[in-house]
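Note that these values count all heavy atoms, side chains included, but never hydrogens, waters or copies made by symmetry. Along the sequence shown, residues are numbered consecutively beginning with 1. Remember, it's a predicted structure, so these values are computed and weren't measured experimentally.
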Amino acid sequence: MAGLRTVGAIALTLAVLAPLGASKSHLVAGSITAMAATFAIKEKQWRQQAVTLALGLVVALASMSLGALLSTHVVAGDLFFLALIFAAVYSRRFGDRGTALGLIGFQVYFVSLFVRAGLSGLPGLCGTLVVAFVCSALVRFVLVPETPERVLRRLRSAFRARLAQLVAAQIELLDAGPDHVEKALEEVRRHTARLHESAMMIQGRLEEGTRDSATAAHVQRRIADAEIAAERLGVLILTARSAERADTLTLHLPHAPVPAASDRLRAQHDTTATLRRDLEALRLLVLRPVAEDRRTAVAHVRNRLLGYRDEDNLPRASAAVQDVFRGIGETTRSVLGLRLAIDGPQDESDDTPSTTRSREELDAEDVAIAKAEEDEGDTQDRTGWKRPTTRTAVQVSVGSALAIVGGEFLSSQRWYWAVLTCWVVFLNTASTGEILVKGYRRLLGTVLGVVAGALLASLVGSHTWTAFGLVLLFIFAMFFTAPLSYALMSFFVTAMLGLLYTLLNTYSTGVLVLRIEETALGAACGVIAAALVLPVNTDRRTDELLATVLKRLGEVTDAAVDQLSGGPATELLDKARDLDTALDDLRSSTQPLTHPITPLRARRETVRYLVALLETCAYHARSLAATAELLPYSKTVAADPRLKGAGRRMAHNIVVLVARVEDDDTEGVAETGPSLASMLESDRPGLPRHDRVTDRVLRHLQRLDEGVIGLARPLGVRVSTPAGTASRGSAA
């Protein structure tokens with residue numbers, strides 16, 4: 001959608017300027033300005049977007065005027081450019097509006113350098129800017145409108161599609177032969193990660209996209225339920241087709257050992273066929289629009305799948321296979337809950353007792369969520385985390401100064417390409433390692449883009465509108481590929497610039513080669529500035545984020561275990577979302593350490609192991625939080641005070657890990673103990689093996705306890721043994 005709006009704004013700007021007889025330089029200036037005015041504004045509400053757009057026009061006119069005024073004063077122009085760069089980066093501390101205005105100011109000043117603006121042509125260029133901003137507003141508010149509600153609707157549709165894709169991948173895992181299990185499991189991992197990404201995107205839009213906070217809380221809870229149930233279903237399927245119980249770490253760690261294959265599923269051919277049929281029915285139910293639920297066949301499928309939540313409806317099979325059928329029932333229940341939260345009450349005429357019970361449970365949970373939302377009121381702390389904008393602004397300014405000096409030696413006309421690269425490599429990065437990786441990717445994309453640009457320039461020649469058409473196509477591709485690959489985005493940017501140079505009649509092979517040299521220089525200047533000026537070491541940055549993740553994990557676990565032990569209710573899903581956000585930040589910061597070009601192979605594997613283990617711990621913590629929130633009004637979940645002891649041990653171990661990461665205490669010892677499940681099961685001899693919710697809580701607690709101990713070893717924390725001794729954990 002961002003690419004579509006940007007291309008629309010540029011196309012409309014060209015459609016307005018061309019009949020007015022605008023020159024090619026004005027067409028290029030209008031195109032780049034329309035692009036900047038469209039993609040820079042990230043605010044969600046229309047009124048805020050309109051205010052920022054109006055202020056952006058003022059900033060753009062001032063920036064273009066100063067660019068034209070200082071075009072003949074080299075030193076003054078360079079000093080102003082450095083001041084503008086500092087202000088543009090520093091303004092990020094003022095939120096989305098400050099970021100947008102800083103980006104527009106920088107980009108328009110860059111445009112003035114690109115088209116070589118002078119005082120004589122300033123009135124025409126200012127008129128072009130006004131046209132570009134008006135066209136951007138028309139596309140944003142009229143032609144391709146985007147409201148938080150519409151975005152949320154699209155994200156919900158995407159979540160359903162991702163959920164259906166995950167179920168399809170799980171079916172492939174069920175059917176995969178021994179030689180194809182690894183590939184099928186990799187697909188399950190990939191779709192599980194994408195489902196989680198969709199869930200995080202939805203939760204980030206809930207407050208603006210729903211009519212009130214109660215509705216947002218309902219949707220958030222149902223999204224979390226569906227994600228957890230689908231992930232659990234994958235583990236159960238892997239266990240059912242394996243010779244031993246699978247671990248959730250297998251779903252999060254690339255190249256993790258797959259449990260040994262078993263023929264026990266193949267020996268139950270009829271049961272396996274039923275299982276495959278029901279998984280396919282679940283996938284279709286996820287994709288089915290709510291309006292079609294009135295059909296008897298759909299209701300029959302839904303009722304049959306929900307029936308697996310009752311022990312009497314399970315087919316005769318091994319315990320592991322029966323667990324998969326239970327997982328199908330729980331996933332179907334989560335899908336039903338999501339539909340109720342989003343689309344409201346539905347037809348209940350064809351409900352079976354199992355479906356009625358599921359609806360009653362969901363209604364009781366909704367009451368609990370609504371009550372918790374009322375009790376919390378407006379006391380939530382919504383202060384954001386302060387970003388170190390001052391440090392980054394100083395680094396970018398120093399790097400840009402180096403790029404200006406070095407760029408002048410390469411070319412007195414196009415030195416600004418080095419400055420642009422230096423600016424770009426600092427965007428959305430926070431450590432020297434991240435800047436190094438981003439600079440490498442930009443250089444790689446630029447080299448490939450130069451080759452493509454040279455070929456296209458020779459083919460397009462003087463065909464102006466063909467070149468502009470390709471420019472629009474590349475701009476859309478640039479936005480579409482930006483979240484996927486920074487190198488690919490850089491490729492499209494460079495290829496587009498080759499076409500723009502062709503339009504301005506300044507194209508030559510030497511120009512594109514100079515583009516590579518300036519890009520390499522700018523990336524190098526950015527890395528030098530990041531390494532020497534107020535540096536943020538990658539290890540230190542990673543340690544800070546790792547400590548944050550561990551603290552969030554401890555908060556979620558403590559609150560969930562306390563509530564499951566009979567303590568007061570708290571807002572658990574908000575804490576779980578904070579944990580997921582912190583984990584996403586850590587995953588991004590470790591990219592330099594896990595990049596394929598890193599020479600430290602053992603370290604790369606250790607980091608991957610740590611992140612994967614944290615992901616599986618986060619999954620179990622989310623599951624505990626979701627189960628704990630059922631407690632006040634559920635008939636199937638009861639508080640158990642014995643869990644408090646297990647919670648205290650895990651809390652102590654997490655505190656020891658945090659102290660080790662922060663170097664506050666290197667002598668702490670992580671405590672191990674008997675299996676939580678066996679310890680608590682020994683006091684429940686009269687209960688059947690599958691007391692569903694209690695058994696699930698024990699399993700999550702056990703896996704979380706094992707995961708925390710697993711983190712101790714690569715972090716070098718000593719681990720106590722049951723005999724009372726302690727041994728120093730060694731790095732993986």
Output all residues satisfying ring pair (Phe, Tyr, Trp, His ring centres under 6.0 Å) with Tyr486, sequence neighbours left out; order by chain, then residue number. none
Does any non-hydrogen side-chain atom of Thr672 lie less than 4.5 Å from one of Val719? yes
So, are Arg540 and Asp543 salt-bridged, with charged N and O less than 4.0 Å apart? no
Contact between Leu166 and Leu233 at the side-chain level, heavy atoms closer than 4.5 Å - yes or no? no
Ion pair check, Glu615 and Arg587, cut-off under 4.0 Å: yes
Charged N-O contact under 4.0 Å between Arg309 and Glu330: yes
Taken in chain and number order and not counting sequence neighbours, the residues that satisfy ring pair (Phe, Tyr, Trp, His ring centres under 6.0 Å) with Phe325 are Tyr308
State plainly whether the residues Asp578 and Lys575 are in salt-bridge range, i.e. N to O under 4.0 Å. no
Who pairs with Thr99 by side chain to side chain contact (heavy atoms under 4.5 Å, CB included), at least two apart in sequence or on another chain? Arg92
Heavy-atom distance under 4.5 Å between the side chains of Glu186 and Arg189, does that happen here? yes
Under-4.0 Å salt bridge between Glu227 and Arg622: yes
Quick test of your reading of the model: are Arg552 and Glu555 salt-bridged, counting only N-O distances below 4.0 Å? yes
Please say whether more than 12 non-hydrogen atoms of neighbouring residues, nucleotides or ligands are located less than 6.0 Å from CE in Met201. no
Test: Asp225 and Arg222 ion pair at under 4.0 Å: yes
